[in-house]
K.L.:
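Here's a structure for you.
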Amino acid sequence: MIIWQELAEHGRRVADRRIEELFAAEGRAEAFSARLGEMLFDYSKTNIDETARGMLLRLAEETGVAERREAMFTGVKINETEGRAVLHTALRNLAGSVIVDGEEVMDEVRATHRRMQDFARDLRQGRIAGQGGPITDVVNIGIGGSDLGPAMACLALSPYADGPRCHFVSNVDGAHIHDVLSGLEPATTLVIVASKTFTTIETMTNARTARGWMAAKVSEPGAQFAAVSTAGDKTAAFGIDPARVFGFADWVGGRYSVWGPVGLSLMIAIGPERFDEFLAGGAAMDAHFRAAPFAQNLPVLLALVGIWHNQICGHATRAVLPYDQRLARLPAYLQQLEMESNGKRVAMDGSELTRESGPVVWGEPGTNGQHAFFQLIHQGTRVVPCEFLLAREGHEPGLAHQHRLLAANCLAQSEALMRGRSYDEARERMAGRGLTGDELERQANHRVFPGNRPSTTLLYPRLTPYTLGQIIALYEHRVFVEGVILGINSFDQWGVELGKELALALEPMLEGRESPADKDGSTQMLLGYLRG
Ligand SMILES: O=P(O)(O)OC[C@H]1O[C@](O)(CO)[C@@H](O)[C@@H]1O
């Protein structure tokens with residue numbers, strides 16, 4: 001496509017230009033930012049100019065983002081390698097109607113949502129109790145998409161959590177379940193086994209461990225279990241009462257599943273009404289994504305900034321930096337969302353990609369990151385585009401001064417990344433501190449910040465359930481748009497299979513039941529060490 005070449009040429013032309021210079025044009029900040037209600041997305045501190053933006057918008061048009069978007073929302077099987085529709089958006093548009101394979105799918109979605117609401121209410125109000133009294137603790141056992149979404153959201157929305165305490169067990173490392181269960185009372189704990197397939201070895205192993213823990217203390221362990229899955233036959237075989245099984249269809253991808261039954265622990269923690277606000281935030285972002293022109297469309301713009309930085313400028317990673325401690329799990333959540341979706345080596349038709357796939361996503365909350373890896377972001381030889389997130393206000397009115405300090409730090413970082421500090425400025429500062437001669441020259445260079453490092457900032461009024469819904473849906477659609485532009489199927493994950501298969505074969509070798517003779521030398525040596 002010719003547009004890719006034009007973008008590459010423009011990228012090369014402006015590569016050495018200072019981002020700051022772009023602010024000489026009046027209204028740069030307003031022109032290179034977009035709003036949805038009270039949410040503000042600022043991408044003016046990037047090297048994207050009018051020409052680049054025009055080309056990127058054309059790229060989105062020419063790669064068929066609009067058509068693909070409609071196909072997704074209307075239930076077309078766009079997950080072609082698995083022959084599935086992609087309809088997580090239906091989970092947050094409960095009044096809607098979607099036809100898949102000639103059938104209305106929303107009746108079942110609504111019925112399951114109502115069952116979840118009843119279950120969550122009954123549990124929160126003590127009508128559903130454990131064998132030792134009202135449920136005080138809920139343990140969600142799941143991994144990947146069956147863990148990261150509710151775990152991230154429960155932490156994010158902890159100011160709204162007025163139900164039983166929620167805990168999350170994901171790792172097959174026995175240390176995880178041991179440490180979580182050791183503080184809990186089985187007779188007042190509900191275990192939710194969350195697994196789309198109900199075959200994931202980590203989850204099923206932890207679920208069996210939890211059942212043993214429960215059985216040691218209560219007469220009917222199964223009565224304190226619930227399940228979230230697409231595989232009703234397997235949940236029954238595990239002994240979970242069908243009345244406590246919340247199903248969903250295969251058109252909800254694991255990493256997109258927090259909006260439905262996988263969000264049960266979140267619904268129990270914050271209550272069904274607030275969970276519905278979370279859904280409403282997601283639905284508002286869906287409506288915006290579907291209707292807003294590309295030039296004002298937040299998910300499209302976020303995606304185009306991503307394409308500019310990764311595929312055009314060659315920056316292989318991006319840092320997600322929430323200046324919001326309760327979004328501490330957002331980077332991990334986005335790692336799965338983005339890297340499992342767009343970390344692919346072939347296009348939808350099976351041909352090799354001719355450009356880079358999605359970026360490496362990583363991050364930590366600010367200000368913590370400032371005292372750890374920001375050194376590299378400011379002075380390392382690689383450019384890391386940064387994505388800052390910040391609320392106008394926190395939930396602690398008595399600590400507003402701390403929130404001001406947090407906000408000042410966030411803005412300071414994007415300003416410092418863009419402006420940098422020149423050799424002359426560094427020299428002057430050192431001279432002001434009394435340094436002279438060779439020592440001054442030598443020291444000054446260490447204090448130079450090259451600057452010209454791009455960042456975006458997403459501001460929102462407050463981290464409410466509604467806002468969190470907006471943020472998560474924003475990133476989901478960003479991943480979708482980037483995937484469409486790259487020609488990738490963002491909804492399968494074949495790259496996780498090989499390791500799973502090999503692990504199954506290695507376990508009996510660790511136990512000594514099978515010979516490792518066919519393994520490579522390194523694997524044999526490691527096995528030998530582990531077997532002692
Ligand atoms: O919900 P399940 O079926 O247990 O799968 C858990 C996770 O495992 C994966 O399939 C990857 O191994 C993810 O896509 C998914 O979210």
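Reckoned from all heavy atoms, side chains included, excluding hydrogens, waters and symmetry mates. For clarity, every value in this text was computed on a predicted model and none was experimentally measured. We count ligands from 1, going down the list as the structure has it; atoms in each ligand are counted the same way.
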K.L.:
Just to be sure I read this right, does ligand 1 sit under 4.0 Å from the backbone of Lys196, its side chain, both, or neither, counting only heavy atoms?
P.N.:
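The answer is both, backbone and side chain.
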K.L.:
Got a salt bridge between Arg121 and Glu273, using NZ or NE/NH1/NH2 to carboxylate O under 4.0 Å?
P.N.:
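Salt bridge present between Arg121 and Glu273.
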K.L.:
Could you find the nearest protein heavy atom to atom 6 (C) of ligand 1 and give me its residue, atom name and distance?
P.N.:
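For atom 6 (C) of ligand 1, the nearest protein heavy atom is Ile143 O, 3.2 Å.
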K.L.:
Is the shortest side-chain N to carboxylate O distance from Asp492 to Arg84 below 4.0 Å?
P.N.:
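Arg84 and Asp492: not salt-bridged.
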K.L.:
What I want to know is whether Glu340 and ligand 1 share at least one N or O pair that is separated by under 3.5 angstrom.
P.N.:
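In this structure, Glu340 places an N or O atom under 3.5 Å from an N or O of ligand 1.
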K.L.:
Could you check whether Asp107 pairs with Arg110 (Lys NZ or Arg NE/NH1/NH2 to Asp/Glu carboxylate O, under 4.0 Å)?
P.N.:
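The answer is yes: the pair qualifies as a salt bridge.
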K.L.:
Just let me know how Thr197 lines up against ligand 1, side chain, backbone, both or neither, with a heavy-atom cut-off below 4.0 Å.
P.N.:
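The part of Thr197 near ligand 1 is both the backbone and the side chain.
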K.L.:
In this structure, does ligand 1 have an atom that sits under 4.0 Å from one of the heavy atoms of Gln336?
P.N.:
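Distance cut 4.0 Å: Gln336 passes for ligand 1.
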K.L.:
Can you tell me if Asn489 and Glu82 form a side-chain donor-acceptor pair at under 3.5 Å?
P.N.:
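Short answer, no.
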K.L.:
Please write down residue, atom name and distance for the protein heavy atom closest to atom 10 (O) of ligand 1.
P.N.:
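The closest heavy atom on the protein side is Lys500 NZ, 3.9 Å.
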K.L.:
Cut-off 3.5 Å, side chains only: do Glu220 and Gln131 have a donor facing an acceptor?
P.N.:
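No, no side-chain donor-acceptor pair sits under 3.5 Å.
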K.L.:
Just which atoms of ligand 1 are under 4.0 Å from any heavy atom in Thr200?
P.N.:
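Matching atoms, with element in brackets: 2 (P), 3 (O), 4 (O), 5 (O).
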K.L.:
Just distances here: any N/O of Gly145 and N/O of ligand 1 closer than 3.5 Å?
P.N.:
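Yes, Gly145 has an N/O under 3.5 Å of an N/O on ligand 1.
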K.L.:
In terms of atom number and element, which parts of ligand 1 are under 4.0 angstrom from non-hydrogen atoms of Gln493?
P.N.:
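Atoms satisfying the 4.0 Å criterion: 14 (O).
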K.L.:
What's the verdict on salt bridge (Lys or Arg N to Asp or Glu O under 4.0 Å) for Asp250 and Lys196, showing C-alpha distance, side-chain angles and the deciding distance?
P.N.:
CA-CA 8 Å; Asp250 67 3; Lys196 181 175 168 179; over 6 Å; no
K.L.:
Could you tell me whether the side chains of Ser490 and Asn342 share a donor-acceptor contact shorter than 3.5 Å?
P.N.:
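Per modelled atom types, Ser490 and Asn342 side chains form a pair under 3.5 Å.
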K.L.:
Heavy-atom contact under 4.0 Å between Glu497 and ligand 1?
P.N.:
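Contact check Glu497 vs ligand 1: negative.
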